[in-house]
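Quick note on labels: first sequence line is chain A, next is B, and so on, each numbered from 1.
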Amino acid sequence: MRVSRLMLVTLRDDPAEAEIPSHKLLLRAGYIRRLAPGIYAYLPLMWRVLRKVSQVVREEMERTGALETLLPQLQPAELWQRSGRWAGYTDGEGIMFHLEDRQGRQLGLGPTHEEVITALAGDLLRSYRQLPVNLYQIQTKFRDEIRPRFGLMRGREFIMKDAYSFHADEDSLRETYAAMDGAYRRIFARCGLRAVAVEADSGAIGGSASQEFMVTAEAGEDLILTSPDGQYAANQERAVSLAPAATPLAGGALADGQGEPLSTPRQTSIEALSAAHGFLPCQVVKVLLLVARFEQGLEQPVLVSLRGDQQLNEVKLANALAARFGQTHGALLALAPLSEEGLIREGLQCLPFGFLGPQLDDRVLAGARQWQPTFLRFRDHTAASLETFVCGANSPDEHLVGATWAGLGQNPETLDLRSAQPGDRCHHDPAQTLEARRGIEVGHIFQLGRKYSTAMEARFATEAGGEEPFWMGCYGIGVSRLAQAAVEQHHDGNGICWPLAIAPYEVIVVPANVADDQQRNLAERLYDELGNAGVDVLLDDRPERAGVKFKDSELIGIPWRVVVGRGAADGRVELVERQGGGSEELAAGSLLEQLVPRIQAQRCGLSEG
RNA sequence: CGGGGCGUAGCGCAGCUUGGUAGCGCGGAUGCUUUGGGAGCAUUAGGUCGCAGGUUCGAAUCCUGUCGCCCCGACCA
């Protein structure tokens, strides 16, 4: 391809709309253009990158025996009602774009394809003899993100590879899950990305085991916690750890564990309380009130007790709530702090926020309009294991000292509800402490189990002659996100440094001065030879000054540059590697034998081949 | 939705406080010079100042409303 014909429009200034390096660079280098928030045009260079990434994905999926397919993006609501996800995905903060056709039928624009594929599988897969099957597709997905941002990182329209596997039993599912784990590691390595596999929360997709693949980068939206020995890595949403030990409260239990009142005027925060009376935050039990709203109308107040120095992990709490009520009340639609406005709306008295204790009486909810009249009570292990503690007295400006769980007459269900923090000790080896890194989630694999196949009555005939729902797995890769993550991980002050395996072109031939016949002719000849050797090659034939062409070639990130300049008369050219900027002069005649083997090696990315 | 910010030429911005009829850099076009690190000179095209009201002799500038976009939080490949 000739650069003069490439519709290349590069920008000298950073566009105001972009914040992170990869987003700025993709805009500046002419890879993408924004059409609306979260909606981008992939310009010709970007499309080549996306096709290369897709090709790597395809090859590795095919290698595991997966079948490529292409499923409808326009999906009937009825299908989603059968799985029970229509309401959760369209109401409230649902992310599915949905619409009504002229017949008044409800349709959704596919954010994911579990429903469609499960319906198909139920139709086509009749016998255990046909299993296992793994189907995948690469296509545009639609999600009405609350806040699209960072270019392709979180778009409302994006390219995703999604795969769905069907199995006769759980062992077969685990086998495919492991095969996908391996395929994913190869895909990211081949694309030249340093990625970390971490334990993850299953989120709205549901299911049991799940693992995310994170490209480590400063701009990552996720916080991941890893142990230095590499044995443990998890998304913070999911991470577990050992909390620091608590210091026993001096004085022990007071008033038979009911605690002695302590005047604590305006000391509404743990910090103020501790500072005023010489307590440590780990000696205090703090109480958080929330309200959980479920699909079928249930609004359940929740009282969570945590040790004062710990943070609530809302994902863990949401999972506990979904596990308890999902069957009977549908999806958890919202989980929000119980607020003063909420109390007023319910016609209830205001509560002494800042002075709440776990013994808060259910009577404060009596007469509520929508809410259930009793709290669902949980406590974190760290709070449960305190022998004696300080807590709110449930009246303004008063706390209790020397309280015990028995003394307060409380014994709420004990769960892991705390957020693991960097510096915490690890479960597998308390000598290891968690380290924090930021990551961009580029892949996620799930063992779904039988959630969808049961809901949608997708069954197969077993060897014994019975009928059972399929065991299912699903496996996603954000293809467009991966491409941008590659830029985030591979750039410098001059622009993008594409890993060669996914670069739009592998080599750019730059005649320093196209007005010079010798330079132009030699450049043309090398361009032809490289093309004939199967190399993706660009020729910068624009009548620009050399400096402009060098800058552009670096900005757009072509891995190799062949400069045909002053040396052209003697048949000499300069070979420059984008990554690192190393350059060498060599005879034009030996360019192919020097360069082609290196390109072939780099096409394998970080992997051995 | 809550909190912050911004809408002026294709892109990046100034002008607004203190109203006087729109400017700078980059980019585009033409010509000459230059030619290995985003060239110089000259000429030139391009803007209902987001939109709608209002105040005023006069509004990019002041007032009211409205729309859009960006950033921080909840969502996720």
Legend entry - Distance-only donor-acceptor test (3.5 Å): side chain A/R154, base B/C76: yes
Go ahead and name the base partner of [N]; Watson-Crick or wobble counts if both distances stay under 3.5 Å, otherwise write none.
{"N": "B/A39", "answer": "B/U33"}
{"N": "B/U21", "answer": "none"}
{"N": "B/A74", "answer": "none"}
{"N": "B/U64", "answer": "B/A52"}
{"N": "B/U44", "answer": "B/G28"}

Would you say the side-chain atoms of [X] and [Y] include a donor-acceptor pair closer than 3.5 Å?
{"X": "A/H23", "Y": "A/E488", "result": "no"}
{"X": "A/D181", "Y": "A/Q211", "result": "yes"}
{"X": "A/S22", "Y": "A/H491", "result": "no"}

Rounded distance in Å - [atom1] ([X]) to [atom2] ([N]):
{"X": "A/L223", "N": "B/C75", "atom1": "CG", "atom2": "P", "answer": "14 Å"}
{"X": "A/I146", "N": "B/C70", "atom1": "CD1", "atom2": "C1'", "answer": "17 Å"}
{"X": "A/I20", "N": "B/C70", "atom1": "CD1", "atom2": "C1'", "answer": "14 Å"}
{"X": "A/I556", "N": "B/G38", "atom1": "CD1", "atom2": "P", "answer": "18 Å"}
{"X": "A/E585", "N": "B/G36", "atom1": "CD", "atom2": "C1'", "answer": "12 Å"}
{"X": "A/D144", "N": "B/C1", "atom1": "CG", "atom2": "P", "answer": "13 Å"}
{"X": "A/E554", "N": "B/G36", "atom1": "CD", "atom2": "C1'", "answer": "12 Å"}
{"X": "A/L8", "N": "B/G28", "atom1": "CG", "atom2": "P", "answer": "12 Å"}

Categorize [X] for me: base, sugar-phosphate, or nothing, with a 4.0 angstrom heavy-atom threshold over every strand shown.
{"X": "A/L555", "value": "base"}
{"X": "A/G476", "value": "nothing"}
{"X": "A/R156", "value": "nothing"}
{"X": "A/F150", "value": "sugar-phosphate"}
{"X": "A/D222", "value": "base"}
{"X": "A/V563", "value": "base"}
{"X": "A/G155", "value": "base"}
{"X": "A/S480", "value": "nothing"}
{"X": "A/E314", "value": "nothing"}

Options [options], nucleotide nearest the side-chain atoms of [X]:
{"X": "A/R34", "options": "B/C70, B/C72, B/A77", "answer": "B/C70"}
{"X": "A/P37", "options": "B/A77, B/C69, B/G37", "answer": "B/C69"}
{"X": "A/R147", "options": "B/G37, B/A74, B/C76", "answer": "B/A74"}
{"X": "A/R12", "options": "B/A77, B/G38, B/C71", "answer": "B/G38"}
{"X": "A/R149", "options": "B/C75, B/C69, B/G38", "answer": "B/C75"}

Legend entry - Comparing A/G478 and A/G547 on RNA chain B - which has the more 5′ nearest nucleotide: A/G547
Legend entry - Most 5' of A/R566 and A/A18 on RNA chain B, judged by nearest nucleotide: A/R566
Inset, instruction - State plainly whether the residues A/E60 and A/R186 are in salt-bridge range, i.e. N to O under 4.0 Å. - result: yes
Legend entry - salt_bridge(A/D380, A/K316) N-O dist < 4.0 Å: no
Which whole number of Å gives the distance between the [atom1] atom of [N] and that of [M]?
{"N": "B/U17", "M": "B/G27", "atom1": "C1'", "result": "32 Å"}
{"N": "B/G47", "M": "B/G2", "atom1": "C1'", "result": "36 Å"}
{"N": "B/C63", "M": "B/A45", "atom1": "C1'", "result": "37 Å"}
{"N": "B/C72", "M": "B/C62", "atom1": "P", "result": "29 Å"}
{"N": "B/G65", "M": "B/G3", "atom1": "P", "result": "16 Å"}
{"N": "B/G15", "M": "B/G50", "atom1": "P", "result": "15 Å"}
{"N": "B/G38", "M": "B/G23", "atom1": "C1'", "result": "24 Å"}
{"N": "B/C26", "M": "B/A9", "atom1": "C1'", "result": "12 Å"}

Show each protein N/O and nucleotides 4-12 of chain B N/O combination with a separation under 3.5 Å, one pair to a line.
from	atom 1	to	atom 2	distance (Å)
B/G12	OP1	A/A16	N	3.0

Legend entry - A/F188 six-ring face occupied by A/R194 cation (under 6.0 Å, within 45°): no
Legend entry - Where at least one partner belongs to residues 30-40 of chain A, residue pairs that pass salt bridge (Lys or Arg N to Asp or Glu O under 4.0 Å), sequence neighbours excluded: A/E17-A/R34
Using atom names, set out every protein N or O paired with an N or O of nucleotides 31-35 of chain B below 3.5 Å, distance rounded to 0.1 Å.
from	atom 1	to	atom 2	distance (Å)
B/U34	O2	A/R545	NH1	2.8
B/U35	O2'	A/N513	ND2	3.2

Inset, instruction - Could you walk me through whether A/N513 and A/Q519 pass side chain to side chain donor-acceptor pair (under 3.5 Å), step by step? - result: CA-CA 7 Å; A/N513 180 0; A/Q519 290 184 21; 5.4 Å; no
Legend entry - Identified salt bridge (Lys or Arg N to Asp or Glu O under 4.0 Å) counterpart of A/R561 within the set A/E554, A/E584, A/E577, A/E574: A/E554
Legend entry - Stacked pair A/F158-B/A77, distance under 5.5 Å, angle under 30°: yes
Inset, instruction - Calculate, to the nearest 0.5 Å, the distance between atoms CD and CZ belonging to A/Q370 and A/R345 respectively. - result: 9.5 Å
Legend entry - Shortest non-hydrogen contact from A/Y31 toward A/I556: OH-O, 2.5 Å
Legend entry - Of A/H98, A/E115, A/H113, the residue whose pairing with A/Q75 passes side chain to side chain donor-acceptor pair (under 3.5 Å): A/H113
Legend entry - Donor-acceptor contact present, side-chain A/Q236 to main-chain A/A420, <3.5 Å: yes
